[in-house]
Amino acid sequence: QLFKMVATRRMKAGMAATTTVTAGKTTSPATTVRENQASFTGAGRQTDEEEFEETPMWVAVITMIGYGILFVVGHLRDFMRNYGLTTSKTPKEHPKQKQFVPLYRDFEAFYTRNLYRRIRDCWNRPISSTPGAYFDMVERTTNDYGWTFQTDGKTNRYFNMGSYNYLGYAENEGPCLEAAVDAIEKHGISCSSRRVDIGSCPLHQELESLVATYVGKEDAITFGMGFATNSANIPILVGKGCLLISDELNHASIVLGARLSGANIKTFKHNDMADLEHVLRSAIINGQNRVNRPWKKILIVVEGLYSMEGSIVNLPELIQIKKKYKAYLWLDEAHSIGALGPNGRGVVEHYGLDPADVDIMMGTFTKSFGAAGGYIASSKEVINQFRLNSHANTYAASASPPVVMQTIAAFKQIIGMDGSSLGKQRIQQLADNAKFFRSELKKMGFLVYGNDSSPVVPMLLFMPAKIAAFSREMKKRGIAVVVVGFPATPIVESRTRFCLSASHTREDLVRALEAVSEVGDLLGLKYSTQHAIQN
């Protein structure tokens, strides 16, 4: 089972055990490189390398052994708790509610109780300042191995490599803040109503006009919550009798929206266009389940930039496939809008493609704009359907005016409507930081996933004990990082995820790289075989 699982993960990462042909070139099995080039032209066209180096077999084996030991110890502790040999603060079903649907899944509760809890200090860390390049973190202590935490209010300053502050607009000074304060004085904190009642103000309309112009679409609609922009709106387009084809690594908001829609759901291997075409062709040939009728509608849903993998969707090939089979395309640009492309217009501009080839363009204001909420941009006809039927529009309160104004001010600076080049400078700074940080990690011998242009840089940790060790050691050196493990990743692919920002200076990043290298040597994290050979 171990060898089968490792082989499966290699295939999902695009690495076969034999020579792989990618973009017309033959590459070695140690690493897969996807080059997006050739017939796709435009000012924003990029030729990038996307790398998923093969996991060394010995690392995979030791990682599984480590998890095996943890599971054995966990079951032993559960046995002791059941017989009162040790105390337990685990949530339990009330004896009188045993006949109800259980609130806790056995395996997830077991994992949380025996593995996650022991290293819970690495997550849910409270901050007490603006999440810019540096922030203040509230220090916590635990006396019961992670069941509870206490704080005396003491804070320390840390270099921030975990926030989605791509363009550095999460700041407490400057024109965006001043515009948001002015909006509070004029419009208040809340519109206290839904958009369809009396919850719309001129700011909402101005933002929607800006979004549509910026991404190159006819119209746009905005929402107060990014997650709901996917989960509450996908069901507007597809339902029973429709087919939704989703990348296997799509965000939870897409997964929820797909399930709520009632459409038939099929997945394809991550960013694998050959598998997508196979799934799509087979679905069209076979038709709807049991009745074999043609599908009413086929919707392909992908993300522009995958925040856990650092990979960028192969949009040129995807558009060719969707045109060939006359499907519709929903593109989630939550992480790519503002962060990719010469002008920050996202993955479409990154490849120099025509926005008209993407039917639905979705994105959020949380990452690149230092605000909150999300948008959908499309034709007027489609947007009108969302205005009339979206629960996120007809039932939810409208976005807060100062938050909307923050987004507008950031957009205007990015576009250059403020008469400055500050927005362009932020975009370029982010691109430079991302390429520099990723390349330096590779040179040091770390195993890094993703695309060269991605501002998200996942670095593999693998072993469960090293998840907490890396986070704690980096914190000792004044650097706050995000570590990720199961169930957010496959159980053998735990990682840390560095988020680059335009607010990071080169000096900041050099200091962070020195700390990462020091901790990497201490914990034995330099797993890369290819880059170790190159160096």
Side-chain angles (χ1 to χ4, degrees), residues 125 127-137 156-177 305 307-308 310 312 334-344 350 365-371 406 410 413-414 420-444 446 448-459 470-471 473-484 495-520:
R125 291 168 171 169
I127 65 172
S128 59
S129 69
T130 305
Y134 289 82
F135 58 40
D136 296 327
M137 185 188 300
N156 284 314
R157 194 80 168 160
Y158 293 93
F159 180 54
N160 179 12
M161 297 209 72
S163 296
Y164 297 134
N165 184 27
Y166 296 142
L167 294 182
Y169 283 111
E171 53 193 3
N172 55 3
E173 59 183 7
C176 293
L177 174 70
L305 171 60
S307 64
M308 206 62 71
I312 298 175
H335 287 270
S336 53
I337 191 68
L340 294 179
N343 299 295
H350 175 77
F365 306 128
T366 318
K367 285 82 179 177
S368 292
F369 305 95
Q406 160 73 23
Q413 191 175 96
I414 293 170
S420 75
S421 61
L422 295 176
K424 190 84 171 179
Q425 292 172 14
R426 289 176 186 251
I427 294 169
Q428 187 59 51
Q429 180 69 34
L430 174 64
D432 292 344
N433 286 348
K435 291 182 184 296
F436 169 74
F437 194 83
R438 179 182 291 272
S439 65
E440 291 301 309
L441 284 179
K442 290 180 180 179
K443 290 177 185 177
M444 292 175 181
F446 291 105
V448 179
Y449 275 0
N451 193 288
D452 284 350
S453 297
S454 170
V456 180
V457 183
M459 189 185 87
F470 183 80
S471 177
E473 288 298 324
M474 291 297 290
K475 186 171 178 285
K476 289 178 183 178
R477 290 160 177 79
I479 301 173
V481 298
V482 171
V483 288
V484 191
R495 65 197 67 176
T496 182
R497 184 179 61 179
F498 299 107
C499 293
L500 280 303
S501 171
S503 63
H504 294 157
T505 66
R506 184 57 56 90
E507 292 75 20
D508 289 334
L509 296 181
V510 169
R511 187 176 70 84
L513 285 164
E514 291 172 352
V516 173
S517 181
E518 182 181 342
V519 175

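One-based numbering along the sequence shown. If you're wondering where the values come from, they're calculated on a predicted model, not measured in any experiment.
Taking all atoms of both residues into account, the shortest heavy-atom contact from G310 to S454 is O-CB, 3.2 Å. Smallest separation of non-hydrogen atoms from Q406 and C176: OE1-CB, 3.4 Å. Between M474 and A512, the shortest heavy-atom contact is CE-O, 4.4 Å. The two residues P455 and A434 have their closest heavy-atom pair at CA-CB, 3.9 Å. Scanning both residues, V482 and G162, for their nearest heavy atoms gives CG2-CA, 3.6 Å. Listed here is the closest heavy atom pair of Y169 and A410: OH-O, 3.8 Å.
Note: H350 NE2 to N343 CG = 13.5 Å, rounded to the nearest 0.5 Å. Taking CG of L509 as the start and NE2 of H504 as the end, the distance is 6.5 Å to the nearest 0.5 Å. In this structure, OG1 on T366 lies 12.5 Å from CD1 on I337, to the nearest 0.5 angstrom. To the nearest 0.5 Å, atoms CG (N451) and NZ (K435) are separated by 7.5 Å. The CE atom of M137 lies 5.0 Å from the CZ atom of R125; values are rounded to the nearest 0.5 Å. Atom CD1 of I427 is separated from atom CG of D432 by 12.0 Å, given to the nearest 0.5 angstrom.
Relative orientation of the Y164 and Y166 rings is tilted, given thresholds of 30° and 60° on the angle between their planes.
Looking at S503 and N165, their side chains come closer than 4.5 Å, going by heavy atoms from C-beta outward. You'll find the side chain of L441 reaches within 4.5 Å of the side chain of L513, heavy atoms only. Between D452 and S439 there is no side-chain heavy-atom pair separated by less than 4.5 Å. You'll find the side chain of R497 reaches within 4.5 Å of the side chain of S307, heavy atoms only. At least one side-chain heavy atom of L500 sits less than 4.5 Å from a side-chain heavy atom of V457. Considering only heavy atoms from C-beta on, S453 comes within 4.5 Å of L340 through its side chain. In this structure, L167 and S501 have side chains that are not in contact, with every pair of non-hydrogen atoms separated by 4.5 Å or more.
Cation-pi contact between R506 and F436: present, with separation from the ring centre below 6.0 Å and deviation from the ring axis of at most 45°.
Taking the salt bridge (Lys or Arg N to Asp or Glu O under 4.0 Å) definition, one finds that R157 meets it with D136, sequence neighbours left out. In this structure, R438 has no salt bridge (Lys or Arg N to Asp or Glu O under 4.0 Å) partners at least two apart in sequence or on a different chain. Evaluation of the ring-ring contact (aromatic ring centres under 6.0 Å, His included) rule for F498 yields F437 as partners, not counting sequence neighbours. The side chain to side chain contact (heavy atoms under 4.5 Å, CB included) test applied to S420 returns Q413, D418, L422, not counting sequence neighbours. For E473, the salt bridge (Lys or Arg N to Asp or Glu O under 4.0 Å) criterion is met by K476, R477, not counting sequence neighbours. By the salt bridge (Lys or Arg N to Asp or Glu O under 4.0 Å) test, E171 is found to be paired with R426, residues two or more places apart in sequence or in another chain being considered.
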- ring-ring contact (aromatic ring centres under 6.0 Å, His included) between Y134 and F159: does it pass, once the steps are laid out? CA-CA 5 Å; Y134 289 82; F159 180 54; 5.2 Å; yes
